[in-house]
Participant: 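Here it is, the structure in full.
Sequential numbering from 1 along the given sequence is applied to the chain's residues. In listed order, ligands and their atoms are each counted from 1.
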Amino acid sequence: MTAHNRRSSAAASSRTAGGILGACCLLIAGLQSAFAAELPQYAEYVHQGVASCASSVCHGSATERTGTNVLQNEFVTWTRLDGHSRAYQTLLTEASQRIARNLGLPNAHEAAICLDCHADNVPEERRGADFQISDGVGCEACHGGAENWLSSHAARGTRHQDNLDRGMYPTSNVEKRAELCLSCHLGTADKFATHRIMGAGHPRLAFELSTFSALQPPHWAFDADYDERKGIVDEFDTWTRGLLVAARKNIELLQGPLLHGNGMFPEIALFDCHSCHQPMSELNWEPTVLTRGLEPGAVRLNNANFALLLPLAEVLGGPLHDQLLHRIRGLNLSAARSRESVATASRQLALSVDELEAAIARGAGPSERQRILNGVLFRAARGDYRDYVAAEQAAMAMDVLLISIERWDDFKERMDAIYATVENDEAFRPQSFAAAVERLRRAL
Ligand code: HEC
Ligand code: HEC
Ligand code: HEC
Ligand code: HEC
C-alpha cells in the first residue's frame with residue numbers, strides 16, 4: 001500500500017460528518033434488472049464520451065450545487081482529484097513504455113491489454129461522436145454507455161429505475177459496484193494483469209470497496225435525498241458485501257482459464273507475491289492460521305480476499321467459522337497438490353461464502369460490529385496476518401470498523417500508526433504491524 005492510497009483523515013472524517021447514516025436496508029425497486037446488468041465495457045450501448053457530460057449546466061459545474069439532487073461538479077472532481085481521469089495518460093509515461101517494451105508491445109497506449117483497464121475501451125462501433133479514448137476511465141466506463149439515457153436522465157420525473165432500464169450501470173447497487181471496480185482492480189479472465197505484466201514492471205493490485213471508494217474520492221453525496229432515491233448502504237455493509245464479491249471473484253479466477261494455462265505454474269499472479277519475493281536472509285517462515293499444514297518453502301496463494309471473512313463468520317456465522325477456516329486452509333493446501341484440487345477446494349469454499357452471505361444479510365448491530373473489530377484486532381495482534389496482503393486488508397478493515405462504530409475520531413493517530421507499518425510492502429515487518437495493532441487494542 002502506498003502513501004497516497006491510505007485513507008486520509010480528511011476523507012474519512014468528511015464521510016463521518018456526511019452522516020454515515022444508520023444501517024439502511026432499503027431494497028431499491030427493480031433489484032432484478034440491476035442484477036442483470038452487464039459491465040459497461042461489454043453492454044450493447046454506445047458511449048458518448050466525457051465531453052457529453054461535462055457542460056457547466058450538467059456535471060461540469062466548478063462548485064457543488066445546492067438544491068439539486070446531484071452535486072453537478074462531478075467532472076471537476078474526476079478531472080482534478082480522481083486517478084481514473086489520468087489512467088490513459090499513465091500509458092504514455094516512461095514507466096508504461098518500459099512495461100510495453102519488456103512485453104514486446106509496440107507501445108502501451110494502443111495495446112488492448114492496457115486500454116481494457118486504463119480507458120473505456122469499447123469497440124469502434126460503440127464510440128459516439130464525442131468519445132475519446134484519451135479520456136481514460138471516464139464517466140461511462142462506470143456508469144455505462146449513455147446512448148439511451150443521456151437525453152432523458154436529467155428530465156423532470158425521471159426515476160433512477162428509468163435510467164437503469166435504459167442501460168445506466170447500477171453503480172448504486174453495492175454488489176454490482178464491487179464487481180465493476182474489481183473487474184479492473186482484481187481483473188477477470190478477460191482482462192488480467194498477469195505475472196508476465198507484473199514482471200515487466202506493473203504494480204501489484206489490491207482492493208477494498210469502502211476504502212477505495214473514499215480514496216477515489218467520491219463525487220457523490222450520501223445524503224437524505226440520495227437515501228430516498230437510491231438507498232444508502234452504510235460503511236460496514238459496503239465493506240462486508242465488497243469482501244464477499246471479492247472472495248467470489250477470486251474463486252472464479254481460481255477455477256477459470258488462468259489456473260489452467262500452460263506452463264509449470266498456473267497464473268503466478270494468483271499467488272501471494274511476497275511468498276516468492278522476499279529476501280532469503282529473513283528466515284521468518286512459519287505457517288499462518290490460514291496456511292497451517294503447508295510445508296516450508298511452499299508457494300502460497302494470495303489470501304487477501306479470504307482472510308477477513310473469518311472474523312465476520314466468528315461473530316455472525318456461529319459454527320460456520322470453523323467450516324470456513326477449514327476450507328480456506330484446504331484451498332491453500334490444494335495449491336501444493338494439483339490444479340484439479342484447487343478447482344475442487346475453491347468450489348467448496350464458494351459454498352461457505354454463500355452461507356456467510358446469508359448470515360451477513362441478517363444484519364449486524366453496534367455490539368456485533370464492535371465484536372468483529374475486536375476479532376480483527378485480536379487476530380492481528382496474535383500474528384494471524386503475517387502475510388503482507390492480509391495485513392493490508394486487516395488495516396483497511398479496522399479503519400472501516402472504527403468508522404462504523406463511530407470511534408474513528410478517537411483513534412485516528414493509532415490508525416495512522418498501523419497504516420504506517422503497511423505503507424511499503426517491501427519494508428513490511430509483521431512484528432511492527434502486530435505491535436501497532438496491540439496498542440490500538442489496549443486503547444480501545
Ligand atoms: C475500467 C477499469 C477501472 C474501473 C471500472 C475502476 N477502476 Fe479504479 N483505477 C483504474 C486504473 C487503471 C487506475 C490507475 C490510474 C492511474 O494512476 O493511471 C485506478 C485507480 C484507482 C484508485 C487510485 C489508487 C491509487 O493507488 O491511488 C482508486 C482509489 C480507485 N481506482 C478506486 C476505484 C473504485 C472504488 C472503483 C469502482 C467504483 C474503480 N476504481 C473502478 C481502473 C479502474
Ligand atoms: C486488470 C486491469 C489492468 C491491466 C490489464 C493493466 N493495468 Fe495498469 N493498473 C491497473 C490498476 C487498477 C492500477 C492502479 C493500482 C493501484 O494504485 O491500486 C494500475 C496502475 C498502473 C501503473 C502505475 C500508475 C501509477 O500512477 O503509479 C502503470 C504504469 C500501469 N498500470 C501501466 C499499465 C500498462 C502499460 C498495462 C498494459 C501492459 C497495464 N497497466 C495493464 C489495472 C490494470
Ligand atoms: C470509477 C467509477 C466511476 C467513474 C469513472 C465515474 N463515476 Fe460517477 N459514480 C460512481 C459511483 C460508485 C457512484 C455512487 C453510487 C451511485 O449512486 O451510483 C457514482 C455516482 C454518480 C452520480 C450520482 C450521485 C447521486 O447523488 O445520485 C453522478 C451524477 C455521477 N456519478 C456522475 C459522474 C460523472 C459526470 C462522471 C465523469 C465525469 C463520473 N460519474 C465518473 C462511479 C464512477
Ligand atoms: C511463484 C513465485 C512467484 C510469485 C508468487 C510471484 N513472483 Fe514475481 N517473479 C518470480 C520470478 C521467478 C521472477 C523472475 C526473477 C528474475 O528474473 O530474476 C519474478 C519477477 C518479478 C518481477 C521482475 C523483477 C525484476 O528483477 O525485474 C516483478 C516486478 C515481479 N516478479 C512482481 C511480482 C508481483 C507483483 C507478484 C504478485 C502479484 C509476483 N511477482 C508473484 C516469482 C514469483
Participant: For atom 8 (Fe) of ligand 4, what is the number of protein N, O or S atoms at a distance under 2.8 Å?
Facilitator: 2
Participant: Using heavy atoms and a threshold below 4.0 Å, how should the contact between L91 and ligand 2 be classified: side chain, backbone, both, or neither?
Facilitator: side chain
Participant: Would you mind listing which atoms of ligand 1 come within a distance below 4.0 Å of any non-hydrogen atom of G83?
Facilitator: 15 (C)
Participant: Is it the side chain (CB and beyond), the backbone, both or neither of L205 that lies under 4.0 Å from ligand 4, heavy atoms counted?
Facilitator: neither
Participant: Tell me which N, O or S atom of H118 sits nearest to atom 8 (Fe) of ligand 2.
Facilitator: NE2
Participant: Flag atom 17 (O) of ligand 4 as yes if some protein heavy-atom distance to it falls below 4.0 Å, otherwise no.
Facilitator: no
Participant: Return yes when at least one protein heavy atom is under 4.0 Å from atom 37 (C) of ligand 4, and no when none is.
Facilitator: yes
Participant: Specify side chain, backbone, both or neither for C181, according to which of its non-hydrogen atoms lie closer than 4.0 Å to ligand 1.
Facilitator: both
Participant: Run down the list R86, H109, R101, H202 and name the one with the heavy atom closest to atom 33 (C) of ligand 2.
Facilitator: H202
Participant: Under a 4.0 Å heavy-atom limit, does P203 contact ligand 2 with its side chain, its backbone, both, or neither?
Facilitator: side chain
Participant: Could you grab the angle centred on atom 8 (Fe) of ligand 1, going from NE2 in H84 to NE2 in H185, to 10°?
Facilitator: 170°
Participant: I'd like the name of whichever of A119, A214, C184 reaches closest to atom 43 (C) of ligand 1 through any heavy atom.
Facilitator: C184
Participant: Give a yes or no answer on whether the side chain of Q41 reaches the backbone of V122 with a donor-acceptor pair at less than 3.5 Å.
Facilitator: no
Participant: Look up atom 25 (C) of ligand 4 and tell me if a protein heavy atom lies less than 4.0 Å from it?
Facilitator: no
Participant: Hey, looking at atom 41 (C) of ligand 2, which of L103, D116, L115, I113 has the closest heavy atom?
Facilitator: I113
Participant: Quick check on N302 - does any of its heavy atoms sit under 4.0 Å from an atom of ligand 4?
Facilitator: no
Participant: Answer yes when E175 and R248 have at least one side-chain N-carboxylate O distance shorter than 4.0 Å, and no when they do not.
Facilitator: no
Participant: Of the backbone and side-chain N, O or S atoms of C117, does one lie nearer to atom 8 (Fe) of ligand 2 than 2.8 Å?
Facilitator: no
Participant: Would you say atom 5 (C) of ligand 4 makes contact with the protein, given that contact here means a non-hydrogen protein atom less than 4.0 Å away?
Facilitator: yes
Participant: Mark up the atoms of ligand 4 that fall under 4.0 Å of a heavy atom belonging to F271, in ascending order.
Facilitator: 5 (C)
